[in-house]
There are 2 protein chains.
Amino acid sequence: MKVGIVGLGLIGGSLGMDLRACGHEVWGYSQRASTVGKAIVKGAVDVACPNWADLAPAEVIFLCTPIGLLVPTAQQLIPHLNAGTVLTDVGSVKASIVETLEPLWPNFVGGHPMAGTAKSGIEAAFMGLFKGNPYVLTPSDRTPPSALAQVETLVTELGADLFHCAPADHDRAVAWISHLPVMTSASLIAACLGEADPQVRALAQRLASSGFRDTSRVGGGNPELGVMMAQFNRSALLSALQAYRGVLDGVIDHVEQGDWAGLESLLRQTQQARSDYLREPPV
Amino acid sequence: MKVGIVGLGLIGGSLGMDLRACGHEVWGYSQRASTVGKAIVKGAVDVACPNWADLAPAEVIFLCTPIGLLVPTAQQLIPHLNAGTVLTDVGSVKASIVETLEPLWPNFVGGHPMAGTAKSGIEAAFMGLFKGNPYVLTPSDRTPPSALAQVETLVTELGADLFHCAPADHDRAVAWISHLPVMTSASLIAACLGEADPQVRALAQRLASSGFRDTSRVGGGNPELGVMMAQFNRSALLSALQAYRGVLDGVIDHVEQGDWAGLESLLRQTQQARSDYLREPPV
């Protein structure tokens with residue numbers, strides 16, 4: 001199959017490497033010519049496409065730009081496509097993207113590969129990034145079954161764990177397990193910076209160990225990405241934040257009132273529940 | 001030197017192994033005779049002490065029981081000690097312990113080795129647990145310099161990174177980097193359990209990956225330990241929780257009002273600040 005990839009970073013580049021290994025012909029587009037060159041050297045792209053029109057022969061095109069560029073990119077690309085071309089994206093939020101792109105291009109299938117590393121860019125791309133990781137597709141009532149089937153076939157070939165759900169359900173789920181953790185973790189770091197005594201702050205910095213390192217990791221990540229999550233998944237994130245605030249208020253109440261039985265019951269519940277959220281064995 | 005260890009779990013057992021390797025004679029006491037037997041087999045103890053009085057020859061005694069048992073244990077032990085014996089503890093909260101034990105035994109030095117693993121018990125003890133990790137001593141104005149010097153010598157021999165601070169400063173520092181993270185992390189898990197739609201909850205469980213695993217780790221830990229932190233470090237933890245709630249409210253405001261510049265500024269600050277809290281390179 002001729003597969004187009006627009007945006008050749010970690011996700012787009014890794015997708016190209018895997019799809020080529022499966023025998024597909026990969027047509028690659030990037031805003032920067034040098035990135036396409038690197039992608040060809042790396043074995044992620046067969047055919048460099050300097051212009052949107054060059055992607056016309058592709059049967060399925062993956063939009064792999066940062067989430068804020070998905071819609072403007074699609075708007076530039078669409079005038080050059082044949083009616084039969086299937087468009088899919090890899091954005092980490094789905095409802096707003098699907099609502100905007102579906103009317104513009106009926107042969108559209110929303111998608112989200114749940115895979116990544118701390119690194120980004122074509123240099124970080126590697127074969128097997130998607131293997132064993134969830135890949136969510138969010139078809140709507142209007143998605144043509146043939147378009148869905150074509151994307152499903154490619155995702156299955158990547159060795160990914162295929163899920164289907166409604167765009168809004170996807171966004172609520174990732175608000176809980178991906179976007180809320182970024183905000184609670186960043187709030188932890190910011191709260192520590194509020195310590196007024198410089199000696200105590202310095203001591204805290206020196207004494208922090210693996211517990212703090214793990215709890216603060218996603219809150220110390222890419223700020224632009226955190227803002228994108230909040231912008232594109234605002235209402236689901238807000239619901240999650242408000243629920244979280246309610247739980248936190250309960251914890252503060254337990255500590256304030258010395259209700260140790262109440263606190264222990266909560267901590268027992270979270271200890272038991274955590275394993276349900278770990279695909280891999282607890283660490 | 002003759003060193004006594006009361007409580008032969010992960011910390012007490014590892015301490016015994018290291019101190020014996022430094023040439024000291026380790027006198028061990030545990031509530032369970034079988035634990036002392038295991039400690040001897042493991043090379044953590046030279047002399048088994050079935051009774052408190054048997055510890056009398058020890059020059060320095062480490063109290064290594066769970067934090068809730070430190071004071072009652074010291075009260076039982078003290079009547080059997082010689083006036084010159086130095087007593088030190090390894091409790092993870094210091095102000096309340098130091099305030100209670102110092103009047104009972106003037107030759108007391110509060111201590112907290114910041115080392116541990118997910119495992120506990122004598123079976124988990126190993127040589128080198130303290131090497132390169134912080135070991136905080138919290139002497140007061142009343143601590144005899146000779147007692148402090150003896151404990152310092154032993155801690156230095158362990159290869160630990162020695163810190164001194166006031167008990168209250170220690171408690172505020174660990175509230176930020178150890179006790180607050182447990183509460184924010186547990187609140188994250190508990191908030192996710194509040195998702196009313198079982199399909200979305202199940203989807204969140206299946207899609208959760210390394211970000212959620214790290215952020216939820218300490219909130220899924222030992223409930224008794226979490227309660228102990230809150231009980232013994234209540235006022236410092238409450239201050240930290242309240243500061244954290246203030247920051248969280250700010251995040252909620254940014255998202256509610258679409259103040260993306262404000263959110264980005266916060267996330268940029270936390271990204272930069274996090275490295276100050278990591279003794280090891282960022283992961």
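Just so you know, these numbers use all the heavy atoms, side chains as well, and skip hydrogens, waters and symmetry mates. In what follows, chains carry the letters A, B, and so on, assigned in the order in which the sequence lines appear, proteins first and then strands, with residues in each chain numbered from 1.
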Rounded to the nearest 0.5 Å, how far apart are [atom1] of [X] and [atom2] of [Y]?
X        : Y        : atom1 : atom2 : result
B:Asn133 : A:Ser209 : CG    : OG    : 7.5 Å
B:Leu203 : A:Ile177 : CG    : CD1   : 8.0 Å
A:Met183 : B:Thr215 : CE    : OG1   : 12.0 Å
B:Glu264 : A:Asn222 : CD    : CG    : 9.0 Å
A:Leu263 : B:Met228 : CG    : CE    : 11.5 Å

Chain B contact via [X] - side chain, backbone, both or neither, heavy atoms under 4.5 Å:
X        : result
A:Val200 : both
A:Phe163 : side chain
A:Asp197 : both
A:Leu266 : side chain
A:Ser178 : neither

What part of B:Glu195 gets closer than 4.5 Å to chain A, counting heavy atoms only: side chain, backbone, both or neither?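 Both parts, heavy atoms under 4.5 Å.
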
Under a 4.5 Å heavy-atom cut-off, does chain A meet the side chain of B:Cys165, its backbone, both or neither?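 Side chain only.
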
Where do A:Thr184 and B:Val251 land on the side chain to side chain contact (heavy atoms under 4.5 Å, CB included) test, with the steps shown first? CA-CA 9 Å; A:Thr184 65; B:Val251 170; over 6 Å; no

Which residue out of [options] racks up the most heavy-atom pairs below 4.5 Å with chain A?
options                                : answer
B:Ala240, B:Ala191, B:Ala273           : B:Ala191
B:Ser239, B:Ala190, B:Ser216           : B:Ser216
B:Gly250, B:Gly211, B:Ser235, B:Ala230 : B:Ala230
B:Leu237, B:Val182, B:Leu238           : B:Leu238
B:Val174, B:Asp276, B:Leu180           : B:Asp276
B:Ala186, B:Pro134, B:Ser265           : B:Ala186

Is there side-chain contact between [X] and [Y], with heavy atoms separated by less than 4.5 Å?
X        : Y        : value
B:Arg274 : A:Arg217 : yes
B:Thr270 : A:Leu188 : no
A:Arg172 : B:Gln199 : no
A:Ser187 : B:Tyr244 : yes
A:Asp161 : B:Arg206 : yes
A:Val218 : B:Asp214 : no
A:Val136 : B:Leu207 : yes
B:Leu193 : A:Tyr277 : yes

At their closest point, which heavy atom of B:Arg234 faces which heavy atom of A:Glu256, and how far apart are they?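 The answer is NH2-O, 2.7 Å.
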
Identify which of [options] forms the greatest number of heavy-atom pairs closer than 4.5 Å to chain B.
options                                : result
A:Ala168, A:Ala175, A:Cys192, A:Ala243 : A:Cys192
A:Ser185, A:Gly226, A:Ala166, A:Gly221 : A:Gly221
A:His170, A:Arg201, A:Glu224           : A:Glu224

Look at the side chain of A:Arg213 and the backbone N and O of B:Leu278, then say whether any donor-acceptor pair between them is shorter than 3.5 Å.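 It does not hold such a pair.
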
For the side chain of A:Arg268 and the backbone of B:Pro223, is there at least one donor-acceptor N/O pair under 3.5 Å apart?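 Answer holds: no.
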
Going through the checks in order, is the salt bridge (charged side-chain N to carboxylate O under 4.0 Å, His left out) test met by B:Arg245 and A:Asp249? CA-CA 8 Å; B:Arg245 181 164 59 185; A:Asp249 283 346; 2.6 Å; yes

